[in-house]
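Notes follow once the structure below has been shown.
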Amino acid sequence: MAQSSHPGHRHAAHPLHGLWYDPQVPDALTLKDQPVSLGQTVSKACIVTWMNPQAILDGTMLLGAFRITLPATEAMTFLTGVLMASGLWFLSLTGCVAAFRHAITPRILRTINVLCGTVLMLYGLHLGYTFIQLF
């Protein structure tokens, strides 16, 4: 184990260690609750949502590709279904996190982040490999 620059913290000396865990950055669950205005909450949610590359790709490329396969008469039904499914997904996700908020530890959050990041990287590698095969 290597000593970190932050006193009291020890971490493995791994070249990729800082990519997913920085002992100097406090975990979200260890921060004190601070009052936040509705405007701040909404603006941060919009930034996280609309500046997220995955959301941009999903919203433009994937949904656009699916939409183009449908006749014009079904476009509104498709859009309504996408919006309803998205709303249901995020409400369900929020409800689950709220219901289990006392059981969610920083370690669980890191594990979820690493798993999601790994899936996204594998998906990106697969897309890259598929693209290369076109030539």
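Predicted model only: the values in this text are computed from it and were never measured.
Here the NZ-OG distance, from Lys44 to Ser37, works out to 8.5 Å after rounding to the nearest 0.5 Å. Atoms CD1 and CD1, from Ile112 and Ile104 in turn, are 6.5 Å apart once rounded to the nearest 0.5 Å. One distance of note links OH of Tyr129 with CG of Leu134; it measures 11.5 Å at 0.5 Å rounding. Going from atom CZ of Arg101 over to atom OG1 of Thr94 covers 12.5 Å, rounded to the nearest 0.5 Å. For the atom pair CG of Leu125 and CG of Leu120, the computed distance is 11.0 Å after rounding to the nearest 0.5 Å.
Glu74 and Leu70 get closest at one heavy-atom pair: OE1-CD2, 3.7 Å. Ala75 approaches Arg67 most closely through the heavy-atom pair CB-NE, 3.2 Å.
In this view, Leu127 and Tyr123 satisfy the side-chain contact (heavy atoms from CB on, under 4.5 Å) rule, not counting sequence neighbours. With sequence neighbours excluded, the residues satisfying side-chain contact (heavy atoms from CB on, under 4.5 Å) with Leu93 are Trp89, Phe90.
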Note to self: I'd like to know whether Phe66 forms a side chain to side chain contact (heavy atoms under 4.5 Å, CB included) with Val82, so could you lay out the CA-CA distance, the side-chain angles of the two residues, the decisive distance to 0.1 Å, and finally the verdict.
What the structure shows: CA-CA 11 Å; Phe66 286 129; Val82 167; over 6 Å; no
